[in-house]
2 protein chains.
Amino acid sequence: MNETIRDLDPTDQEILRILQHDASITHKQLSDKLHKSIATIHERIRKLKNLGYILKTVAILDRKKINRNLIAFSQVLLNDHTAETLKGFEDAVAKYPEVMECFQMTGSFDFVLRVATSDMEAYHDFYRNKLAILPNITTVQSFFVLSETKSETAYPI
Amino acid sequence: MNETIRDLDPTDQEILRILQHDASITHKQLSDKLHKSIATIHERIRKLKNLGYILKTVAILDRKKINRNLIAFSQVLLNDHTAETLKGFEDAVAKYPEVMECFQMTGSFDFVLRVATSDMEAYHDFYRNKLAILPNITTVQSFFVLSETKSETAYPI
DNA sequence: CTTGAAACTTCCAACTA
DNA sequence: TAGTTGGAAGTTTCAAG
């Protein structure tokens, strides 16, 4: 990046705070809240996108309504840590639609997957036929979410 | 809910698919893609919101740009499982801005937290001064994310 | 589900401090 | 450089068919 590093001023911060919770707010509503002109808000948001602060705007769905009732965390241990093995595993799991997130971890296992399925049977199918059959896997331990008591996409700013 | 259960037709499904990846698309662009009128798209989206499929629309930020470089998973074991203890823990961690998510789990520990901080020092501070001091905690084990190889908010539909 | 039109929003150019 | 204004272009919203 050849860009001047520009710290975010309070207006930028407030815009990010608000858009993280509700990106469907209009520029006019923002301009009223922040006491700036609409054009200023427009320009600030354009900058925040161009500078890479805002990656995208997405709709958050109710997963239970679309039949993703079970969330599992799968802790995976591999039998070696060559670049090929790591890359092979990452690429393979990234292709599975059940896998929402994949993290390489420090500590006593190598990866954690967050897996969303309709129910335990579907998880079992994923586990047996998609995850456990991948090469170089030593162990997989599965943990299931009983309830989600906080679920936030917005970082405090 | 006293609502008729209405299965989503292919147009609704396609709208949800698209909005999960890019909610800033205009109704006109959607109407061109899906070969429906703008008013139809408008009405479909209104319904999907009213029926609770779409919970909200949010901006996704680059966490590294806003100084959340470290993601930790904290596995917590409590010394008892009375309603008071569980509720007390959930309420307490929900208030901490470092805690993005809190899950009650099946298995050998009670909760998993996903914690976002600027660095290891900030995590240590959170761990020592906010998490470990809560009542009824038996153990906390922390695991740190080395790299995020898949990160998806959109469920396949 | 569509059309059509009013109301509203976005976006840009010209300009100011 | 950051901000404003005004207006053209584009989008949303809704009543009627």
Side-chain angles (χ1 to χ4, degrees), chain A residues 1-62 65-67 153-157, chain B residues 1-62 64-67 153-155 157:
Chain A
M1 296 285 196
N2 218 353
E3 267 155 5
T4 308
I5 282 136
R6 188 181 66 106
D7 269 344
L8 297 176
D9 74 12
T11 301
D12 292 324
Q13 292 177 26
E14 190 64 20
I15 289 172
L16 290 181
R17 243 192 303 276
I18 293 169
L19 293 184
Q20 280 192 106
H21 289 100
D22 179 10
S24 66
I25 190 172
T26 65
H27 293 185
K28 172 151 191 353
Q29 288 173 303
L30 273 172
S31 86
D32 291 345
K33 277 201 195 198
L34 305 190
H35 310 295
K36 303 274 177 191
S37 74
I38 292 175
T40 298
I41 298 296
H42 182 251
E43 175 59 12
R44 295 293 191 119
I45 292 176
R46 196 193 59 76
K47 259 192 204 157
L48 289 167
K49 285 182 178 161
N50 279 349
L51 292 172
Y53 286 90
I54 298 173
L55 296 176
K56 57 185 173 175
T57 298
V58 304
I60 302 293
L61 305 193
D62 181 343
K65 290 255 179 196
I66 52 166
N67 201 29
T153 54
Y155 297 100
I157 295 201
Chain B
M1 295 286 195
N2 218 353
E3 269 156 6
T4 308
I5 283 136
R6 189 182 65 105
D7 269 345
L8 298 176
D9 74 11
T11 301
D12 292 324
Q13 292 178 26
E14 189 65 21
I15 289 172
L16 290 181
R17 243 191 303 277
I18 293 170
L19 292 184
Q20 281 192 104
H21 289 101
D22 179 12
S24 66
I25 190 172
T26 66
H27 294 186
K28 174 156 191 342
Q29 289 172 302
L30 273 172
S31 85
D32 291 344
K33 276 201 195 198
L34 306 189
H35 311 293
K36 303 275 176 190
S37 74
I38 291 175
T40 298
I41 298 295
H42 182 251
E43 176 59 13
R44 296 293 191 116
I45 292 176
R46 196 193 60 76
K47 259 193 204 154
L48 289 167
K49 285 181 178 162
N50 279 350
L51 292 173
Y53 287 89
I54 297 173
L55 297 176
K56 58 185 173 174
T57 298
V58 303
I60 302 293
L61 306 192
D62 181 343
K64 299 201 174 161
K65 289 255 179 197
I66 53 166
N67 201 30
T153 55
Y155 296 100
I157 294 198

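Lettering of chains follows the sequences in order, A, B, ..., and the numbering in each one begins at 1.
- One atom, CD of A/Gln29, and another, C1' of C/dT10, lie 14 Å apart when rounded to the nearest Å.
- Shown here for A/Lys56 and B/His21, the closest heavy-atom pair between the two residues is CD-O, 4.3 Å.
- Phosphate proximity of D/dG3 to A/Lys36: present, with a side-chain N or O under 4.0 Å from OP1 or OP2.
- With sequence neighbours left out, the side-chain contact (heavy atoms from CB on, under 4.5 Å) criterion links B/Ser24 to A/Thr57, B/Asp22.
- Note: B/Thr40 OG1 to B/Leu30 CG = 12.0 Å, rounded to the nearest 0.5 Å.
- Rounded to whole Å, atom P of D/dG3 lies 11 Å from atom CG of A/Leu34.
- Listed pair A/Thr40 / D/dT4 meets the phosphate criterion, a side-chain N or O lying under 4.0 Å from OP1 or OP2.
- Rounding to whole angstrom units, CG of residue B/Leu30 and P of D/dG10 are separated by 18 Å.
- For the salt bridge (charged side-chain N to carboxylate O under 4.0 Å, His left out) test, residues two or more places apart in sequence or in another chain that qualify with B/Lys28 are B/Asp32.
- Here the side chain of A/Gln20 pairs a donor or acceptor atom with the backbone of A/Tyr155 at under 3.5 angstrom.
- Distance CD1 (B/Ile45) to P (D/dT11): 14 Å, rounded to an integer number of Å.
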Distances under 3.5 Å between protein N/O atoms and the N/O atoms of nucleotides 12-14 of chain D, please, pair by pair.
from	atom 1	to	atom 2	distance (Å)
D/dT12	OP2	B/His27	N	2.8
D/dT13	OP2	B/His42	NE2	2.8
D/dT13	O5'	B/His42	NE2	3.3

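- Distance, A/Asn50 CG to C/dC11 C1': 14 Å, rounded to whole Å.
- Atoms NZ and CD1, from B/Lys49 and B/Ile45 in turn, are 6.5 Å apart once rounded to the nearest 0.5 Å.
- Rounded to an integer number of Å, the gap from A/His35 NE2 to D/dT4 P is 12 Å.
- Between A/Arg44 and the phosphate of D/dG3, there is a side-chain N or O to OP1/OP2 separation shorter than 4.0 Å.
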